[in-house]
Amino acid sequence: MGNADTKLHFRKAVIQLTTKTQPVEATDNVFWDQFWAECSIAVQDVFALVPAAEIRAVREESPSNLATLCYKAVERLVQCADSGCPSEKERQIVLNCTRLLTRILPYIFEDADWRGFFWSTIPGADENEARPLAESLLLTIADLLFCPDFTVQSHKKNNPDASEEMRSIDSCEYIWEAGVGFAQSPPLNYIHDLNRTELLKLLLTCFSEAMYLSPLSDSQVLNPWVSFFCSAENRHALPLFTSLLNVVCSYDPVGYGIPYNHLLFSDYREQLVEQALQVLIVTLEHETGSAVTGPDNLFVNYLSRIHREEDLSFVLRGFAQLLNNPLIQTYLPRSTKKIHFHQELLILFWKCCDFNKKFLFFVLKSSDVLEMLVPILFYLNDARADQSRVGLMHIGVFILLLLSGERNFGVRLNKPYTLRVPMDIPVFTGTHADLLIVIFHKIITCGHQRLHPLFDCLLTIIVNISPYLKSLSMVAANKLLHLLEAFSMPWYLLSAPQNHNLVFFLLEVFNNIIQYQFDGNFNLVYAIIRKRNVFHQLANLPTDEGSIQKTLQKKKKKSGISRLNSTDGESMEGSRPAAPAEPGTLKATLEATPGIDKITEKSQVSEDGTMIALPRSSSPATPPHRGAINGASDTESNSERDHEMLSWKSRLPLQTIMRLLQVLVPQVEKICIDKGLTDESEILRFLQHGTLVGLLPVPHPILIRKYQANSGTAMWFRTYMWGVIYLRNVDPPIWYDTDIRLFEIQRI
């Protein structure tokens, strides 16, 4: 049958279904087989020939026919899986049913009255054996993902006619790729890759019921599809988890390094890797310490138990190779294939670190952590001006916040940065810590308005690493001082109730470096001396009502500018306008992220390097507030406002810095006068050999703010993850134009 005839025949079947007013009997196989047994229909054609309006019309006007269509499609999948799909015709039936269900399921989920349908039992089934339709579908997809000659290589080479009994197959012998727990790498078979990809697409569609529940609905409810699929009911859970992880971590987009090879050949493995990655991150959605009870999530369990050095190394190497792929530079433009699933990779890396502490410590114990740091900083710098990529900014910053809670991360950052990744940042000679500070400064000063909630996180990361930074470059030192100068402007300090926290964080950075790493940080000491007026102004910040009102009047005049200018000629809101996303780009909205005090807990570093968690209390840097000073109510007295300003001003940790200035400024001025110095290199040489031993206050204990998950971040991750999956699945557009509730889709 020709392709045009095939489509016509299929379209006629769809029209018959949508126009029938009477229920079609489930036993009428001649009618139902038209949808899957007669022909092969490409997935794009299924989406074109089964329009959304017609699916909804059947759902509303002939609900029994839609129910029967779903039931019959699942029934055929079960039959084919049981037989092992020995014939080409059966394999085609599987693909047609898979494509049809992928098309229909989102319209089942968008209607609250239909959501329970797949969890009802099959009509006429024996009561003892009756399984909900959803369970039958999920177990069948799992079976089909290990079906010899369909999705895996058959082991029966001598007698091709003897189909392998599906029920007796040990799928652990059919893991798709070498890696964790499996040594053999089966030969590549692009047909198997394509079939796996289609089945995973259907599986992801099953899991996507979560998209149709609003974030305000009970976020503690487990996704029943994911819960069942990842439970002990699924006998393929271990080999499937391993297959998905190994396929992702072993993927090499560059291949043999032949220039332009991605333009000459289709890479079917890339499509499989994308779907495998998306299925993995959804199955691993699991709140640690959640009050919700349900079956154990075996995927989370298996991930948490990976412990062999070679397995941890394989996973980390896979992440590093793929995340560094867009940074590869060649002399031939666009000659190397670039991957586009870096957001899913970052989510999976996050989950690996969150669920498997052995993996987190493995990442941190070697310089390989820098192989993760550089691409994350690259993505942050690249996305900072694009409002459609604010989710990418958050996941990157959250990962760095998680890593920064461990001492080894700060220590590793002292390694010199010698790569030259294409980034629009100032040229500098220094370490990976310098790179991090320079890029964070760029994000804060040249990002867009929606990044303001991240400022606390960015500065917390710098605070966490600061006690271990041996020698900041002059470029990085100046960037830190510029941030302090900008954040300590009176009108900015008073314009929002939490703005002073940024000053506290920066002062904590300077104090940590002066007290614990003074010897090598002469560049920072010099920058502090040069900008000493900033510290004096902070110490003398007026707190009376009259001065505050004058400051706020200045703020009103500046509000039209929307930027914090500085003596360095840089601005807080951007030296260039925020770049809009591509015309017509779709963007998924995100839940708000909780404040830094909600997502971190403080630990004190003891003398032997161990960390002691401190009891959660009102942080000295973040006292409770009633509202912004300029938004105070009319009933609030001037004295109350004065008191609020005094409460945090009196706690500014300026003692160490003021003592440093008191000792070093006269010495530097004397050298300049005595030797007639105008060259800063001589002053730096003097500071390099200077000492403050015995002159500074007793060193304060090091405080580290470690990431702490909560329900707010869990909901943020859920909306971000599904938003990414929605936007990345455009061929076919599985969820486009359906009634998504978890987030809004906006066109930019």
Side-chain angles (χ1 to χ4, degrees), residues 252-254 257 259 313 316-333 335-339 342 345-346 349 362-384 396-397 399-400 403-404 406-443 446 458 461-462 464-482 509 513 517 519-527 680-681 684-685 688:
D252 178 8
V254 178
S313 176
L316 179 56
R317 229 179 22 252
F319 277 124
Q321 177 170 297
L322 290 170
L323 286 170
N324 278 283
N325 164 265
L327 283 62
I328 297 170
Q329 295 188 80
T330 59
Y331 293 106
L332 300 168
S335 64
T336 307
K337 184 181 186 111
K338 298 281 192 273
I339 61 154
H342 48 274
L345 277 170
L346 290 172
F349 179 75
F362 181 82
V363 170
L364 290 163
K365 81 174 187 182
S366 74
S367 291
D368 287 349
V369 69
L370 303 178
E371 293 285 301
M372 297 297 300
L373 172 73
V374 173
I376 289 172
L377 291 176
F378 170 84
Y379 293 123
L380 291 178
N381 184 60
D382 189 53
R384 65 183 157 74
V397 170
I399 288 172
L400 297 182
L403 296 176
S404 75
E406 307 297 333
R407 176 184 176 274
N408 269 6
F409 182 65
V411 172
R412 296 289 166 212
L413 292 179
N414 290 307
K415 186 176 179 181
Y417 172 68
T418 52
L419 287 170
R420 282 295 167 257
V421 172
M423 290 193 265
D424 57 338
I425 56 171
V427 177
F428 68 91
T429 302
T431 65
H432 285 76
D434 294 313
L435 177 68
L436 181 144
I437 289 167
V438 166
I439 288 177
F440 280 14
H441 175 270
K442 195 89 176 174
I443 293 167
C446 301
L458 293 168
I461 293 164
I462 300 177
N464 283 348
I465 63 175
S466 60
Y468 313 110
L469 304 184
K470 294 188 180 302
S471 180
L472 286 184
S473 69
M474 186 62 83
V475 171
N478 284 334
K479 297 298 182 194
L480 288 176
L481 266 297
H482 169 238
V509 170
I513 294 175
Q517 299 290 347
D519 287 351
N521 275 295
F522 47 89
N523 286 322
L524 180 65
V525 173
Y526 178 65
E680 64 181 26
S681 61
L684 288 169
R685 198 169 296 119
Q688 193 171 356

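Computed from heavy atoms alone, side chains included, the values below leave out hydrogens, waters and symmetry copies.
- Judged by distance alone, the side chain of Gln517 and the main-chain N or O of Pro467 form a donor-acceptor pair under 3.5 Å.
- Closest non-hydrogen pair, Phe409 versus Val369, comes out as CD1-CG2, 4.0 Å.
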Are Leu380 and Val397 close enough, and set up right, to give a side chain to side chain contact (heavy atoms under 4.5 Å, CB included), and what steps lead you there?
CA-CA 8 Å; Leu380 291 178; Val397 170; 4.1 Å; yes

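- You'll find the side chain of Leu345 reaches within 4.5 Å of the side chain of Ile339, heavy atoms only.
- Considering every non-hydrogen atom in both Asn408 and Lys365, the closest pair reads ND2-CA, 3.8 Å.
- In this structure, Lys479 NZ and Asp434 CG are separated by 12.0 Å, a value rounded to the nearest 0.5 Å.
- Heavy atoms only, all atoms of each residue included: Val438 and Pro426 are closest at CG1-CD, 3.7 Å.
- Leu316 has its side chain within reach of Met372: a pair of non-hydrogen atoms, C-beta onward, lies under 4.5 Å apart.
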Take Tyr526 and Asn523 through the test side chain to side chain contact (heavy atoms under 4.5 Å, CB included) and record every step on the way to the result.
CA-CA 5 Å; Tyr526 178 65; Asn523 286 322; 5.8 Å; no

When you look at Met474 and Leu684, which way does the side chain to side chain contact (heavy atoms under 4.5 Å, CB included) test go after all the steps?
CA-CA 10 Å; Met474 186 62 83; Leu684 288 169; 3.8 Å; yes

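- Atom NZ of residue Lys415 and atom CG of residue Leu435 lie 13.5 Å apart, to the nearest 0.5 angstrom.
- Ile461 contributes atom CD1, which lies 10.5 Å from atom CG of Leu413 (distance to the nearest 0.5 angstrom).
- Considering every non-hydrogen atom in both Asn478 and Ala527, the closest pair reads OD1-CB, 3.7 Å.
- Between Arg412 and His432, every side-chain heavy-atom pair lies at or beyond the 4.5 Å cut-off.
- Distance check: Leu400 CG to Asn464 CG gives 11.0 Å after rounding to the nearest 0.5 Å.
- Annotation for Phe378 and Met423: closest pair CA-SD, 3.7 Å, computed over non-hydrogen atoms.
- A donor atom on one side chain and an acceptor atom on the other are not found under 3.5 Å apart for Asn414 and Thr431.
- The shortest non-hydrogen separation linking Asn325 to Lys338 is OD1-CA, 3.2 Å.
- Put simply, the side chain of Val427 does not reach to within 4.5 Å of the side chain of Val475, judged on heavy atoms.
- Without hydrogens or angle criteria, Asn381 side chain to Ile376 main chain gives no donor-acceptor distance under 3.5 Å.
- Residues passing the salt bridge (charged side-chain N to carboxylate O under 4.0 Å, His left out) test with Arg685, sequence neighbours excluded: Glu682.
- Of the inter-residue distances, the one linking Ser313 atom OG with Phe362 atom CZ reads 4.5 Å to the nearest 0.5 angstrom.
- To the nearest 0.5 Å, the span separating CZ on Arg407 from CG on Leu364 amounts to 11.5 Å.
- A parallel orientation is assigned to the rings of Phe428 and Tyr417, their planes being inclined by less than 30° (bins at 30° and 60°).
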Check against salt bridge (Lys or Arg N to Asp or Glu O under 4.0 Å), Arg384 and Asp424
CA-CA 12 Å; Arg384 65 183 157 74; Asp424 57 338; 2.8 Å; yes

Show your reasoning for whether side chain to side chain contact (heavy atoms under 4.5 Å, CB included) applies to Leu436 and Ile462.
CA-CA 9 Å; Leu436 181 144; Ile462 300 177; 4.1 Å; yes

